[in-house]
Novice: 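For reference, the structure I am asking about is given below.
Numbers for residues simply follow the sequence, beginning at 1.
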Amino acid sequence: MDRLESVTTGGIPRRGFLKGMGSAAALAGGGSLFGMPFLAGPAAAATTTYQAETARIHRGVLETIHGGFSGTAYVNAFQEAGSYVEWLVTVPRAVTATLVIRYANGSTGSRPMAVRVNGSVVDAALSFPATGSWPSWATRSLTAALRAGSNTVRLTATTGSGGPNIDLLDVNDGTDWGRAMVESTLARNPDPAAFGSWTYYRAFYLLGQYRVYQRTRDGRYLRYIRDWVDRHVDAAGNIDVPINLLDHILPGNLLLILHRETGLNKYRLAADRVRRVFDTYPRTTDGGFWHSTGLVGQLWLDGTYMALPFLARYGRAYGGAAGAYDETVNQLLIYASHLKHPTNGLLYHGYDEQGDPAWANPATRRSPEFWGRSIGWYGMALIDVLDIIPASHPRRPELVALVKGLVAALARFQDPTTGRWFQVVDKGSLGGNWLETSCSCMFTYVISRAIERGHVPAAAFAAAGRKGFLGVLDQVSLGTDGRTNLRNICVGTGVGDLAYYLARPRSTNEVHGLGAFLVMHEQVLAQNWR
């Protein structure tokens, strides 16, 4: 529930837990079991993309005539001196940033533009040489001092030929938000043994931390994960809590990671115990896993992400894949059959087979609202399971259809001003509703992954994804202590009615949001939206 409260190594090659846990040898053959490959090289600083269509334009128009642009349009500046394009750029601290301008110039000569930041000239005539044709795009870059907070970046044509066509502005402010958030969280929680109990939201954060480790190879991040798991798993693979609800299955993904990374059998034994829970776990009459053994007949969207990616990954790693894949796909479809709205593409939070709870509609036995984070959990489960099951699975097209419908719905209900999504997704104009950060991270991840995997077309949805990413970045900042602060995160939440969701407390640096941010950030950083 989304609420705070002698066996061989089988199909995974054994490898020693090498000193530092970041060497190439320890990572060799790691693959992409957890959604992204091991990437070589040092940590990359995050780049924020500002599309031309979000700029203020003077004496120019948005066009789509020439291909090859990103986003939904580019700016064609009029052929006159003084035409300009201006963006509002936000950075967390005063910094010398790298500005990269993507442009096309199909004329035969350079089309210079003056670059001003906050009204001050940075380059009086930055050249934009010919690119050979209007659909051929190139970049020009320069550095500029930005102040903490909001800045204006203006490109002004300096000749009667006007400027080139402008596609976007990339701003690299030197902040690696993934690494910064992990470092800040570890500084606030230096002892992994004290990080807390074996539960989904802590494990979800650590899965995000593992993605940052995959990119940065910083062995401290993996060591922290191992130390937290070791607090709850003994040498014989016993886990210190009963697995009597789907929430307690999600940390099993860390067992798969650690068995692969270390080769230690205790992690495989513990993963085996988690896997066996499915054999006797209670179900609805049509086969859906109850959210908890104590919640008779209840399906919560949250439970799909808590349990199903682990089941599919375990099957792929240790055998029995076909049965694991069939069960995983079947569960996703059962949940959708009860919780998906027939026309708008969104999904309700909960279903009760008996219709007993006060929140259950007497006719449909569903909860009445589309709560953001529950939809995020389901969307991530869909995307991650599609990464695991084979392309030949006979019911794969049904999952892809669900992804397509969900991504279209997310784009439709996205707040056009901020790029984020509301706590109750379809009621953005309702007084008391508020823009929630964790679901916005999850939705951005789903859109980005769906584009990358070809489930939906980039031309239709990349703009929504980029806007979501920028909207989330607007919610993260650095405090005076140099640590990250992520705002407007809903605390752990059960199933309820409209008043219940709207009244849920908002928190800064709440663990649900930290995990969602890291998963989203590493996905977008790897894809680079191009």
Side-chain angles (χ1 to χ4, degrees), residues 44-175 463 466-467 470 473 528-530:
T47 295
T48 303
T49 299
Y50 296 87
Q51 292 292 327
E53 54 268 33
T54 67
R56 178 186 177 191
I57 304 167
H58 175 68
R59 302 297 290 165
V61 293
L62 290 173
E63 284 187 351
T64 59
I65 297 170
H66 304 295
F69 59 90
S70 65
T72 59
Y74 58 85
V75 174
N76 181 351
F78 291 166
Q79 292 184 338
E80 57 186 65
S83 58
Y84 67 76
V85 181
E86 181 182 274
W87 292 272
L88 185 65
V89 169
T90 302
V91 293
R93 65 185 188 280
V95 67
T96 298
T98 300
L99 311 180
V100 181
I101 303 145
R102 189 167 189 256
Y103 77 99
N105 180 2
S107 69
T108 57
S110 178
R111 292 194 170 188
M113 301 188 87
V115 181
R116 291 180 174 86
V117 173
N118 300 322
S120 298
V121 175
V122 176
D123 191 314
L126 180 66
S127 67
F128 289 88
T131 58
S133 67
W134 290 110
S136 296
W137 298 86
T139 59
R140 295 285 285 138
S141 63
L142 71 165
T143 58
L146 303 180
R147 63 196 179 202
S150 296
N151 300 264
T152 58
V153 177
R154 179 181 292 189
L155 310 179
T156 305
T158 60
T159 71
S161 297
N165 290 344
I166 302 293
D167 182 31
L168 58 81
L169 170 70
D170 275 342
V171 178
N172 187 326
D173 68 2
T175 302
R466 291 190 192 96
K467 196 166 188 176
L470 292 175
L473 287 184
N528 200 29
W529 289 113
R530 303 263 173 76

Novice: Among Asn151, Val153, Leu146, exactly one meets side chain to side chain contact (heavy atoms under 4.5 Å, CB included) together with Val171. Which residue is that?
Specialist: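 So, applying the side chain to side chain contact (heavy atoms under 4.5 Å, CB included) to Val171 and each of Asn151, Val153, Leu146, only Leu146 qualifies.
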Novice: How would you list all residue pairs meeting ring pair (Phe, Tyr, Trp, His ring centres under 6.0 Å) that involve residues 145-167, not counting sequence neighbours?
Specialist: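 Checked against ring pair (Phe, Tyr, Trp, His ring centres under 6.0 Å) - neighbours excluded - no pair reaches residues 145-167.
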Novice: Treating Tyr74 as the side-chain partner and His66 as the backbone partner, does any N or O pair qualify as donor plus acceptor under 3.5 Å?
Specialist: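 Such a contact is found between Tyr74 side chain and His66 backbone.
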Novice: Which distance, rounded to the nearest 0.5 Å, do you find between the CG of Leu470 and the OG1 of Thr54?
Specialist: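 The CG atom of Leu470 sits 7.5 Å away from the OG1 atom of Thr54.
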Novice: So is Arg59 actually on top of Phe78's ring, under 6.0 Å and inside 45° of the axis?
Specialist: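 No.
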Novice: Given 3.5 Å as the limit, does a donor-acceptor pair link the side chain of Asn118 with the main chain of Thr152, or not?
Specialist: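 Answer holds: yes.
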Novice: What closest approach, in Å, do Trp137 and Asp167 show between heavy atoms, and which atom pair accounts for it?
Specialist: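 Here Trp137 and Asp167 meet closest at CZ3-CB, 3.5 Å.
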Novice: Return the OG1 to CG distance between Thr143 and Leu99, rounded to the nearest 0.5 Å.
Specialist: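 One finds 7.5 Å between OG1 of Thr143 and CG of Leu99.
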Novice: Has the side chain of Thr64 got a donor or acceptor atom that lies under 3.5 Å from a matching backbone atom of Ala73?
Specialist: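 Side chain of Thr64 to backbone of Ala73, a donor-acceptor pair under 3.5 Å: no, none is there.
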Novice: Taking all atoms of both residues into account, what is the closest heavy-atom pair of Ser70 and Leu168, and its distance?
Specialist: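 Residues Ser70 and Leu168, closest heavy atoms: OG-CD2, 3.1 Å.
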Novice: Under 3.5 Å, is there a donor-acceptor pair between the side chain of Thr131 and the main chain of Ser136?
Specialist: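 Here the side-chain-to-backbone pair exists.
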Novice: Can you measure from OG (Ser141) to CG (Leu169) and round to the nearest 0.5 angstrom?
Specialist: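 Reported value, rounded in 0.5 Å steps: 11.0 Å.
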Novice: Is Glu53 reaching over with its side chain to a backbone N or O of Thr72, donor-acceptor style, under 3.5 angstrom?
Specialist: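 Checking the backbone N and O of Thr72 against the side chain of Glu53, a donor-acceptor pair under 3.5 Å is found.
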Novice: Gln51 versus Arg102: any side-chain heavy-atom pair under 4.5 Å?
Specialist: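 Not touching, per the 4.5 Å side-chain cut-off.
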Novice: Does Ser127 use its side chain to pair, donor to acceptor, with the backbone of Pro129 at less than 3.5 Å?
Specialist: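 No; judged by distance alone, with no hydrogens or angles, the pair does not exist.
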Novice: Under the side chain to side chain contact (heavy atoms under 4.5 Å, CB included) criterion, do Leu62 and Ile57 qualify, and how do the steps go?
Specialist: CA-CA 9 Å; Leu62 290 173; Ile57 304 167; 3.8 Å; yes
Novice: Report the distance from atom CZ of Arg154 to atom CD of Glu86, rounding to the nearest 0.5 Å.
Specialist: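 It is 4.0 Å, given to the nearest 0.5 Å.
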Novice: From Ile166 CD1 over to Asn105 CG, what is the distance, rounded to the nearest 0.5 angstrom?
Specialist: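 Between Ile166 CD1 and Asn105 CG, I get 9.5 Å after rounding to 0.5 Å.
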Novice: List the atom of Ile101, the atom of Phe128, and the distance in Å for their closest heavy-atom pair.
Specialist: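 That closest heavy-atom pairing would be CG2-CE2, 3.9 Å.
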Novice: Hey, could you give me the CZ/OH distance between Arg116 and Tyr84, rounded to the nearest 0.5 Å?
Specialist: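 Answer rounded to 0.5 Å: 10.5 Å.
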Novice: If you compare all heavy atoms of Ser107 against all heavy atoms of Trp134, which two are closest, and at what distance to 0.1 Å?
Specialist: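 Nearest pair, atom of Ser107 first, then Trp134: N-CZ2, 3.7 Å.
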Novice: Between Leu88 and Tyr50, what is the shortest heavy-atom contact and its length?
Specialist: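 Between these two residues, the closest heavy atoms are O-CE2, 3.4 Å.
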Novice: Taking all heavy atoms of Thr159 and all of Pro112, pick out the closest pair and write down the distance.
Specialist: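 Answer, listing the atom of Thr159 first, then Pro112: CG2-CG, 3.9 Å.
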